[in-house]
Amino acid sequence: TCLNIGCIPSKALLQSSEKFAEARHGLDAHGVKLGGVELDLPAMMARKEKVVDGLTKGIEFLFKKNKVDRVQGTGKITGAGEVTVDGKTKIQTRNIVIATGSDVMPLNGVTVDEKHIVSSTGALSLAAVPKRLLVVGAGVIGLELGSVWRRLGSDVQVVEFLDRIVPGVDSEVAKQFQRLLERQGMKFRLASKMVGVEKKAGGVSVAVEPAAGGARENFDADVILVAIGRRPYTDNLGLDEAGIKRDAKGRVVTDSHFKTNVAGIWAIGDAVGGHHLHYQYTHVATHEGPLAVENALNGSTHTLSYDAMPRVTFTDPEVAAVGLTELQARARGHDVVAPDLPCEDVDAGVEEYAAVVRDALGGDGEAIDGGDSPGGMPIRAAVLKTADPNIFTVNFPVKPGETRFDLSYSFPYNPGDPYRGKIATNDDNTYLIAPGGATLTGENLSALGQEPRPRPRIYGLTGKAYEIRLPGTAAATE
């Protein structure tokens, strides 16, 4: 999903559409005037496909390099330690890892034709920019793809059943985020539901009414994007016949070691359910995979702290979060303090890029307990851009047992993500560790030639723990 019809093609279009929007509207303030900027949508789509193709071939190369046999086809578990492909090729093995990912969540009463009513898959390959785009669902997928087509010229309207956008993100951050998207021209109908769709020449007619009931409103759209979430791809895999437990949503039930109730069968990624704060992100499955394999082959008991997983929405601005939200922390019985960091308080190396940074800790100032981990898990969420994509000014001390004065630890958002850095902080100052290893502070960014850029990011935290000695002590070591 991620490589072919998910993260990779969507991020390719997000980057391309952002460059188009900047060329049209974002350079005048910098004294750069461009005339006659035109969109070449086929070329943009061709670049997206080239990116996907290149990374797909890269995976194939890694298979060959590491002597991994690849069998292409539709697999089904047909017995103890047995997988049958396309109903004929049988593979015998001691361990099976279910990593089948997810599929588009359907909307009752709506038939997706990938032309006028599209899923996220169809929204990645529209043949023309729709004049009016209706997005059903204000989650990560809907807002990212809605942003792509808004930048390219669509009038985008978002219908969301809940009374807020991006469920799972801190509520105050979500409010600031919505205001910023509305300034860009995106319109929202919250606490609303789509109750009728009728296809017509060149588009669709849509009926929307309040989620709690009320007056119905009708309007036209050229394309409807159904983005209400994803469901696990676990049907027709032979799971029920093998006795593998699934929950009410069809997700494979595992213990904290990724083991199902059937010996020798494990599961990871979007197909899994039951974990505390288990997120449907590629980097989650990327970290689960090696741990599940080591547990299967070596008898290890590796687990993963899902409280420490970062979440990102790749819009403009990007929204990053790690740890519990304030509401989640309160639901666990914690006394939470959640101060906001306004723009003017952000490090001098940041221009006007910050909207809000929330740092919620326990009432005594210590990191709160994440629940399924032995140590503290602070809440961190931000709508923020930093001055340089390789420099980070927000610390995320989320490794179990750490406090706010210890070193940072988290997982990279995406494997191979170029935007990575290492961060350490003490009580008084934030020290920035650039990918090259140099220790930077906000005061000497300009001296090192770190000029503010229009597309900074904060999401790529390092995937390893680092022992970092602050300036004045021995050199930092990994």
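Note: hydrogens, waters and symmetry copies are ignored here, and every other heavy atom, side chains too, is used. Bear in mind the structure is a predicted one, so any value in this text is a computation, not a measurement.
The side-chain heavy atoms of L291 and W266, taken from C-beta on, include no pair separated by under 4.5 Å. Side-chain contact check for L145 versus S10: some heavy-atom pair is nearer than 4.5 Å. Considering only heavy atoms from C-beta on, V51 stays 4.5 Å or farther from P9 through its side chain. Inter-residue side-chain proximity for F219 and V208 is flagged as met; some heavy-atom pair is nearer than 4.5 Å. Inter-residue side-chain proximity for I98 and I77 is flagged as met; some heavy-atom pair is nearer than 4.5 Å. Annotation: side chain of L55 is not in contact with side chain of I59 (no heavy-atom distance under 4.5 Å).
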Checking S119 against E114 for the side-chain hydrogen bond (donor to acceptor under 3.5 Å, both in side chains) test, could you report, in this order, the C-alpha distance in whole Å, the side-chain angles of both residues, the deciding distance, and whether it holds?
CA-CA 6 Å; S119 67; E114 301 297 13; 2.6 Å; yes
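Scored by the side-chain hydrogen bond (donor to acceptor under 3.5 Å, both in side chains) test, K115 finds no partners at all (sequence neighbours excluded). Residues passing the side-chain hydrogen bond (donor to acceptor under 3.5 Å, both in side chains) test with D222, sequence neighbours excluded: R132. With sequence neighbours excluded, no residue satisfies salt bridge (Lys or Arg N to Asp or Glu O under 4.0 Å) with K65. Take K19 and apply the side-chain contact (heavy atoms from CB on, under 4.5 Å) test, not counting sequence neighbours, and it matches Q15. Residues satisfying the salt bridge (Lys or Arg N to Asp or Glu O under 4.0 Å) test with D86, not counting sequence neighbours, are none. Remark: A80 engages no residue in a side-chain contact (heavy atoms from CB on, under 4.5 Å) (not counting sequence neighbours). For S16, the side-chain hydrogen bond (donor to acceptor under 3.5 Å, both in side chains) partners two or more places apart in sequence, or in a different chain, are R47. Every residue two or more places apart in sequence or in another chain that forms a side-chain hydrogen bond (donor to acceptor under 3.5 Å, both in side chains) with K90 is listed here: T84.
The local environment of CZ in F161 is sparse, with at most 12 non-hydrogen atoms from other residues, nucleotides or ligands closer than 6.0 Å.
Rounding to the nearest 0.5 Å gives a distance of 4.0 Å between NE2 of H302 and CD of E294. Going from atom CG of D53 over to atom CG of L3 covers 9.5 Å, rounded to the nearest 0.5 Å.
Judged by distance alone, the side chain of N261 and the main-chain N or O of G243 form a donor-acceptor pair under 3.5 Å. The backbone N or O of L124 sits less than 3.5 Å from a side-chain atom of K48, completing a donor-acceptor pair. Judged purely by atom type and a 3.5 angstrom limit, R151 uses its side chain to pair as donor or acceptor with the backbone of L14.
Of the candidates I91, T260, V83, V83 is the only one forming a side chain to side chain contact (heavy atoms under 4.5 Å, CB included) with I96.
Taking 4.0 Å as the cut-off between side-chain N and carboxylate O, D247 and R251 count as a salt-bridged pair.
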Identify all side-chain donor-acceptor contacts of residues 224-231 below 3.5 Å with residues at least two apart in sequence or on another chain.
from: R230; atom 1: NE; to: S102; atom 2: OG; distance (Å): 2.8
from: R230; atom 1: NH2; to: S102; atom 2: O; distance (Å): 2.9

Under 3.5 Å, which donor-acceptor pairs link side chains of residues 232-239 to any protein atom two or more places apart or in another chain?
from: T234; atom 1: OG1; to: R246; atom 2: NH1; distance (Å): 2.9
from: T234; atom 1: OG1; to: G250; atom 2: O; distance (Å): 2.6
from: D235; atom 1: OD1; to: R246; atom 2: NH1; distance (Å): 3.0

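Between G137 and V158, the closest heavy-atom pair is O-CG1, 3.9 Å. V252 approaches A267 most closely through the heavy-atom pair CG1-CB, 3.7 Å. Here the closest heavy-atom approach between residue V110 and residue I117 is recorded as CG1-CG2, 3.6 Å.
The salt bridge (charged side-chain N to carboxylate O under 4.0 Å, His left out) contacts involving residues 180-193 comprise D155-K187, R189-E217, K193-E209, where partners must be two or more places apart or lie in separate chains. For residues 66-81, every residue pair satisfying the salt bridge (charged side-chain N to carboxylate O under 4.0 Å, His left out) rule, not counting sequence neighbours, is listed here: E60-R70.
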